[in-house]
Amino acid sequence: MNTLPQQLANGLLLGSMYGLIAIGYTMVYGIVQLINFAHGEIFMTGAFGALTVYFYILPDGTSMALAVPLMLLGGALVAILIAVGAERFAYRPLRGAPRLAPLITAIGLSLALQEVVRNFYPGADRARAFPGLDATHDIGSITIKDADIFLILAAVVCMAALAIFVRRSRTGRAMQATAQDPDTAQLMGIDTNRIIVIAFAIGGFFAAVAAVAYGLKYGNVDYRMGFLMGLKAFTAAVLGGIGNIYGAMLGGVVLGIAETLASAYIDEIPGMQQLGGQSWANVWAFGLLILVLLFRPQGLLGERVADRA
Amino acid sequence: MVILTSVLTTGALTLTACGSRDDSGDKGGDSGGGTTLTIGVDAPLSGENSTTGLGIQYGAQIAVDDANKNNWVPGVKFKLKALDDKAQPATGQSNATSIVGDKTAVGAVGPLNSGVAQTMQQVFASANMVQISPANTNPELTQGKNWQTDKKRPYKTYFRTATTDELQGSFAAGYAYNGLKKKKAFVVDDKQTYGAGLAKIFAEQYKKMGGKVVATDHVNTGDKDFGSLATKIKNSGADLVYYGGQYDESALITKQLKDTGAKIPLFGGDGMFASTYIEAAGKSSEGDLATAIGVPADTLPAAKQFIQTYKDKGYKGDYGAYGAYAYDATTAIIKAVKAAADANGGKVPTDINDLRSKVVDGVQKSDFEGLTGKISFDEYGDTTNKQLTVYQVEKGAWKDVETGTADLK
C-alpha cells in the first residue's frame with residue numbers, strides 16, 4: 001500500500017501546528033528583534049486555559065461544537081494575557097538593554113511558567129486528559145480525524161486573517177513601519193509600545209489556537225509540552241526566514257513534512273537502516289535547517305536585512 | 001571520573017555528617033528514648049513516571065508506619081527520607097550520595113528506573129549500604145554486563161524484589177505468540193536502559209518461538225507526535241505492537257495508532273502498567289496489554305490490609321505496580337536491622353558502618369512471607385519470586401488475564 005499521501009498529510013498537520021506557533025516568534029522578532037523563548041510556554045498556558053474552560057466552567061456533556069469555540073476563547077484569553085504581561089513586565093523594562101538580557105529573562109520566564117503550572121494547576125504534574133475530536137474520515141487513501149480538520153482550517157483561516165490585517169488595516173501598516181524602523185515610526189506618530197503589545201497578543205492568540213488543536217489531536221496536555229514544540233516552532237521560524245509571517249508558516253510545513261518523511265522512509269534506503277526511524281527524525285530536520293541556512297542564511301522567505309544605522 | 005567524584009563526595013559527607021541534626025536521636029539510644037534510623041527512598045516523585053514513583057514512596061511509608069506502630073525493633077523508630085530523582089540518572093546519583101551521607105541511614109529503597117539504578121549502585125556499594133529496588137528489571141544490574149553468557153554480580157549491596165526483563169520479555173513473547181496467537185509483531189522501544197533491553201529480549205524470544213518481527217523502530221522520550229510511526233505500523237502488516245518503555249510515550253503511540261484506524265493491540269512491560277496509561281490514552285487503550293512483575297496485588301490476601309491503608313490515607317500514585325514491592329523491600333531492611341539488634345544482645349549496633357554492613361548480610365539472608373509472596377534473594381541479589389502477570393485493558397481498567405512464570409527457550 002502506498003503510504004506517501006498519508007505521510008505527507010501527517011507532515012502537513014504537524015507542520016501547520018509548528019507554523020501557528022512560529023508566527024509568535026516571527027512577529028515579535030520582526031518588531032523588537034527579541035527571540036521570545038518563553039513563547040513555547042505561552043502555547044502551553046493556552047492549552048491549560050482551554051482545559052480549564054472545558055473541565056471547570058462548561059457543564060458536563062456540552063457538545064464539542066459549542067465547547068471548542070469556548071475553549072478557544074478561554075485558551076486565547078490566558079495566552080494573550082500572559083504574552084502581553086510578559087511583554088509589559090519582563091521585556092519592556094529591558095528594552096534598550098544589551099540583547100542578551102531579555103534573552104535570559106525569556107528563558108527564566110519559560111521555566112517559571114512551567115513550574116507555576118506544574119505546582120498550582122490541579123493534576124498538572126503529569127499529563128492531563130484533554131477532550132479529543134477523534135471521529136475519523138477516509139479521504140482516498142488518507143485517514144484523518146476531526147481534530148486534524150480543525151487544525152488545517154484554523155491554520156488557513158488564521159493565516160489569511162493575519163495577511164489581510166497586516167496589509168490592509170491601519171494598525172497592520174503601522175506594524176510594518178515599526179518593523180522597518182521603530183524610531184522613525186515613532187517620529188511619524190505611531191505608538192510603538194502599542195504596536196509591540198499587539199504583536200505579542202497576536203502571537204499569543206495563534207499559540208492558543210495551536211494549543212487547542214494540539215489538545216484535540218493528542219488527547220492530553222502537560223506542563224512540559226511547550227518546550228519541544230516551542231523549539232521546533234522557533235526552528236520553523238528561522239527556516240522560513242525569521243521576521244516574515246509567510247515564512248513562519250512555510251518553515252513550519254517544510255519542517256513538519258521533512259521530519260515525517262525522514263522518520264518514515266530513511267530507514268528503507270539500503271545502508272541507512274541505522275539512521276532512520278522516529279528517533280532520528282529530529283536529526284534530519286535540524287540537518288535540513290543547517291543546510292538551508294548554509295545557502296540562504298536569511299531563511300527561505302527572509303530578506304537580507306540592511307544593518308540599522 | 002564520575003565514580004571517583006561520587007566516592008570522594010560520599011566519603012566526605014560521611015565524615016562531615018557528624019554535625020547533622022539527626023545525631024541527637026542517635027545519642028538518646030541508651031535512655032530508652034529510642035534510636036531513630038532512616039530509610040532512604042529514591043524514585044521519580046514528579047514529572048515523568050511519577051504515578052508509579054509515588055506508589056514506591058507511599059508503599060515504603062506504610063511499611064515504616066507499621067514497623068513503628070508494632071514496635072518491630074524495640075527501641076528503634078524508623079523514618080523515611082524520600083528523594084525525587086525525576087527519572088534522571090544524575091539526580092539519582094546525587095540522591096544516593098545524600099542518603100549515604102546521612103549518618104542515621106541504614107538502607108535505601110528504589111529507584112524505579114533501571115537507568116537510574118546504574119548510577120546509584122556504586123555509591124551504595126562504596127558505603128556498604130543496602131539498596132533494594134522494588135522495580136528495576138534490567139538483568140545487568142544484578143548479573144553483570146555479560147549476563148547472557150557469564151553471570152557475575154557487580155555489587156553485593158544491590159538487591160531487588162522485582163524479577164528481571166529476561167523473564168518479563170520472555171513471558172510477554174510467550175503470551176503474545178501462544179496466548180494471543182499473534183504471529184507478526186512490530187517492536188518499538190525508547191532507547192533507555194529498561195525499554196531497549198526489554199524490547200530486545202522480547203524480539204529474541206518471540207523469534208525463537210516462531211513469531212516474525214516485521215520491523216523495529218525507536219522513539220525519543222518526550223516526543224509527542226507519532227503520526228509517522230503509526231502510519232508505518234498500520235501498513236507493516238503487523239498484528240501486534242510491542243513497546244519497551246514507559247507509559248508517557250506508549251499512551252500517545254497507542255492513541256495515534258488507533259486513530260489511523262488500525263485495530264492492533266499494543267503490548268508493553270511493567271513501565272506501562274499504570275492507571276495513567278489508560279487515562280492518557282482513553283478509549284484507544286482498550287485491549288492493550290502489559291506484563292507486570294508478581295501476582296496482582298489485590299488478589300494477595302496478605303496485601304488486603306496494605307491496599308486498605310493506602311486508600312484510607314488518600315495517597316496519590318499507584319500501589320498497583322510497585323507499592324506492595326516497596327513495602328516488602330522496606331520490610332526486608334527493617335527485619336535485617338532487627339536481626340542485627342538481636343545478634344547484638346537486643347541493641348542496635350551504635351557504629352553506623354557496622355550496622356550498615358550487618359544489614360547487607362541480613363537482607364541477603366532474608367526469608368519471610370511478604371505481601372507479594374516469599375521474600376528471599378539468590379546469589380545475585382535477585383528475588384527468588386519469579387512470578388509475572390499479563391494484564392489487559394478492559395472497560396477502562398487493567399484486568400489480570402494470566403499469571404505464571406516465564407519459560408526460557
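Order of the sequence lines fixes the chain letters, A, B, ..., with proteins taken first and strands second; residue numbering starts at 1 for each chain. Predicted model only: the values in this text are computed from it and were never measured.
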J.: When heavy-atom pairs shorter than 4.5 Å are enumerated against chain B, which of Ser263(A), Ala281(A), Ala135(A), Ala129(A) gives the highest number?
T.: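 Between Ser263(A), Ala281(A), Ala135(A), Ala129(A), the count favours Ser263(A).
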J.: Could you tell me whether a side-chain N or O of Gln6(A) sits under 3.5 Å from a main-chain N or O of Ser228(B), the two making a donor and an acceptor?
T.: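 Judged by distance alone, no pair lies under 3.5 Å.
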J.: Which atoms of Asp217(B) come close to chain A, meaning under 4.5 Å heavy atom to heavy atom: side chain ones, backbone ones, both, or neither?
T.: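 Looking at Asp217(B), just its side chain touches chain A.
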J.: Non-hydrogen atoms of chain B under 4.5 Å away: do they reach the side chain of Phe130(A), the backbone, both or neither?
T.: neither
J.: Would you check if the side chain of Asn235(B) reaches a backbone N or O of Thr3(A) as a donor-acceptor pair within less than 3.5 Å?
T.: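 Not confirmed, Asn235(B) side chain does not pair with Thr3(A) backbone.
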J.: Considering only heavy atoms, which portion of Ser279(A) lies under 4.5 Å from any heavy atom of chain B: side chain, backbone, both, or neither?
T.: both
J.: May I ask you to say whether Asp134(A) pairs ionically with Lys283(B), meaning some side-chain N is under 4.0 Å from a carboxylate O?
T.: no
J.: Report the residue from Ile253(B), Asn220(B), Asp223(B), Val188(B) that forms a side chain to side chain contact (heavy atoms under 4.5 Å, CB included) with Gln278(A).
T.: Asp223(B)
J.: At a 4.5 Å cut-off on heavy atoms, which part of Lys316(B) comes close to chain A: side chain, backbone, both, or neither?
T.: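 It is the side chain, since no backbone atom gets that close.
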J.: Using the rule given for side-chain contact (heavy atoms from CB on, under 4.5 Å), can you reason through Asn220(A) versus Glu279(B), listing the C-alpha separation, both sets of side-chain angles and the distance that settles it, and then say yes or no?
T.: CA-CA 9 Å; Asn220(A) 66 59; Glu279(B) 284 162 29; over 6 Å; no
J.: Sort Asp222(A) into side chain, backbone, both or neither according to what part of it lies under 4.5 angstrom from a heavy atom of chain B.
T.: side chain
J.: If I measure from the heavy atoms of chain B, does Tyr223(A) come under 4.5 Å with its side chain, its backbone, both, or neither?
T.: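 The answer is the side chain of Tyr223(A).
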J.: Minimum heavy-atom separation for Lys255(B) to Lys217(A), with atom names?
T.: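 Minimum heavy-atom contact is CE-O, 4.2 Å.
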J.: Within the 3.5 Å criterion, strictly below it, is a donor on Asp259(B) or Thr136(A) matched to an acceptor on the partner's side chain?
T.: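 Side chains of Asp259(B) and Thr136(A): no pair found under 3.5 Å.
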J.: Is it the side chain or the backbone of Ser50(B) that comes within 4.5 Å of chain A heavy atoms, both, or neither?
T.: side chain
J.: Below 4.0 angstrom, N of the basic side chain to O of the carboxylate: do Asp267(A) and Lys232(B) qualify?
T.: yes
J.: Walk me through whether Trp280(A) and His218(B) qualify under side-chain contact (heavy atoms from CB on, under 4.5 Å).
T.: CA-CA 8 Å; Trp280(A) 277 78; His218(B) 314 276; over 6 Å; no
J.: Nearest heavy-atom pair of Ser46(B) and Arg118(A): which atoms, and what distance?
T.: CB-NH1, 3.0 Å
